[in-house]
Protein chains: 2
Amino acid sequence: MTAADGAPAGRGRGRRPGGPDTRGQILAAARHSFAGKGFGATTIRAVAADAGVDPALVHHYFGSKDDLFLAALEIPVDPRRLVPQVFEAGLDGAGERLLRLFLSVWEDPHARLPLLALVRSSLGREGDESLLRQGILRMILEPIRSALPTDEADHRMQLVISQMSGLVVTRYLLVLEPLASMPREDLVAWVAPTLQRYLDAPLPRERGVASSAGPGASG
Amino acid sequence: MTAADGAPAGRGRGRRPGGPDTRGQILAAARHSFAGKGFGATTIRAVAADAGVDPALVHHYFGSKDDLFLAALEIPVDPRRLVPQVFEAGLDGAGERLLRLFLSVWEDPHARLPLLALVRSSLGREGDESLLRQGILRMILEPIRSALPTDEADHRMQLVISQMSGLVVTRYLLVLEPLASMPREDLVAWVAPTLQRYLDAPLPRERGVASSAGPGASG
DNA sequence: GTCTATAGACGGATAGAC
DNA sequence: GTCTATCCGTCTATAGAC
């Protein structure tokens with residue numbers, strides 16, 4: 001939203017005589033570093049070097065390192081608007097629609113870098129100050145939960161999140177092959193049923209009373 | 001297995017007199033910090049303060065910060081021995097057995113802290129130097145893969161990993177409630193069928209050729 | 001607008017006294 | 001074996017020259 005693009009992508013080498021999109025260059029470099037190394041391991045100096053400018057310029061444009069981080073987090077999608085649409089048509093097929101939304105967002109480079117920056121940085125630290133907790137997670141969790149009918153909404157929602165966050169880790173963060181390169185349709189075919197089951201499958205058993213395995217698991 | 005155990009667990013113990021378990025104190029504090037804050041955010045000084053000793057002592061016992069980290073990673077289980085056992089009895093019910101093994105390891109405090117340290121620190125950095133990649137992941141991935149019959153072993157294995165790593169993130173790293181407190185049996189009832197499906201369900205479709213959704217997903 | 005110079009803080013690591 | 005004192009490096013951030 002700020003100045004994510006407008007620059008011809010990539011990091012142009014050489015010196016820009018007048019005053020081109022220096023701010024955009026810095027922001028792009030910052031996103032790249034935050035996404036790849038997290039907040040702590042990212043240095044203003046490295047960002048500046050990567051953008052081909054002086055470290056002081058970074059402060060000049062963005063203020064503190066925290067401000068730069070926040071600027072780099074501008075995400076071009078709003079989960080609070082998109083997620084409810086998934087459930088508008090009912091619970092039937094919602095697993096697949098949710099997964100498709102999830103994939104379309106993460107496959108978009110403009111969205112992936114800020115998201116990676118957020119995830120990578122948040123996973124590095126513990127506790128309640130986590131941005132991931134208060135930010136995106138709430139923006140995604142709440143819409144899903146409010147769309148679920150049963151009193152088991154919390155469990156179902158978080159099971160869905162567990163599978164999706166697992167995809168984030170393996171496919172986008174660790175880039176495990178061949179899963180990272182698996183075509184979208186294949187992934188949908190494999191994983192959508194899982195999400196759908198978490199969303200609307202009957203409870204395996206009254207929770208808290210079973211002392212042996214639930215019936216859902218064979219053997 | 002340097003000196004991971006031998007000490008009577010908890011960090012409150014130890015004789016004070018001549019040569020108490022100072023080394024153990026330091027190691028426990030280090031594990032705690034690495035598990036909670038990752039490698040970068042952990043400082044020798046903080047570890048020393050937490051253990052109630054001088055920073056120089058840390059270096060005296062463990063050398064560099066890297067050495068301390070490696071010492072803190074001693075994990076009291078060996079996946080290369082345990083995972084194959086899961087598949088010895090055949091693929092039937094392997095999903096549940098694998099999940100139970102996974103849970104029993106992560107619910108053990110002696111194992112959870114080093115594992116968290118490893119995961120948290122590895123997720124903070126990108127690229128091939130990741131310890132998670134070369135270490136535990138390989139130790140777990142390989143045994144699973146070698147136990148699978150089909151030529152789709154890679155995909156199946158990584159889908160399994162995606163769900164399990166999602167549990168790591170939501171249950172043990174972010175500690176999302178109520179999932180983090182969900183009884184083990186409930187979790188097995190919910191998630192084991194997912195793993196089992198990834199392990200032995202027929203292929204949703206020949207991969208790479210489908211241009212619309214696979215049959216596994218409704219809608 | 002862009003860069004030089006530097007202040008100020010923090011953390012890893014070492015030498016050596018007790 | 002344990003602690004004091006200190007060196008050295010890196011980083012954020014600012015002030016000010018061109």
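A, B, ... follow the sequence lines: proteins, then strands. Residue 1 opens every chain.
- With hydrogens and angles disregarded, a donor-acceptor distance shorter than 3.5 Å links the side chain of R97(A) to the backbone of V86(A).
- With rounding to whole Å, D21(A) atom CG is found 13 Å from dG1(C) atom P.
- Ring geometry for F34(A) against F69(A) counts as perpendicular: the plane angle is over 60°, on a 0 to 90° scale with 30° as the lower cut.
- Of the listed nucleotides (dG1(D), dC3(D), dT2(C)), dT2(C) has the atom at the smallest distance from the side chain of Y61(A).
- Closest to the side chain of S64(B), from the set dA13(C), dG12(C), dT2(D), is dA13(C).
- Between the CG atom of D66(A) and the C1' atom of dA13(D) there is a distance of 12 Å, rounded to whole Å.
- Rounded to a whole Å, the NE2 atom of H59(B) is 14 Å from the C1' atom of dT6(D).
- Rounded to an integer number of Å, the gap from CG of D54(A) to P of dC18(D) is 16 Å.
- Among the heavy atoms of the strands lying under 4.0 Å from L57(A) is at least one base atom, whether or not backbone atoms are also near.
- Here dT14(C) is the nucleotide among dG12(C), dC3(C), dT14(C) with the atom lying nearest to any side-chain atom of A56(B).
- Remark: R171(B) does not engage E177(B) in a salt bridge, criterion side-chain N to carboxylate O under 4.0 Å.
- Note: NZ (K65(B)) to P (dG12(C)) measures 5 Å, nearest angstrom.
- In summary, E107(A) and R184(A) do not engage in a salt bridge, as defined by a charged side-chain N under 4.0 Å from a carboxylate O.
- Within the 3.5 Å criterion, the main-chain N or O of A72(A) finds a donor-acceptor partner in the side chain of R31(A).
- Heavy atoms of F62(A) sit nowhere under 4.0 angstrom from any nucleic acid atom.
- Per the geometry, CZ belonging to F69(B) stands 14 Å off P belonging to dG12(C), to the nearest Å.
- Rounded to an integer number of Å, the gap from H60(A) NE2 to dG1(C) C1' is 6 Å.
- Within the structure, every side-chain polar atom (N or O) of T22(A) is placed at least 4.0 Å from both OP1 and OP2 of dG1(C).
- Between the CD1 atom of I44(B) and the P atom of dC8(D) there is a distance of 20 Å, rounded to whole Å.
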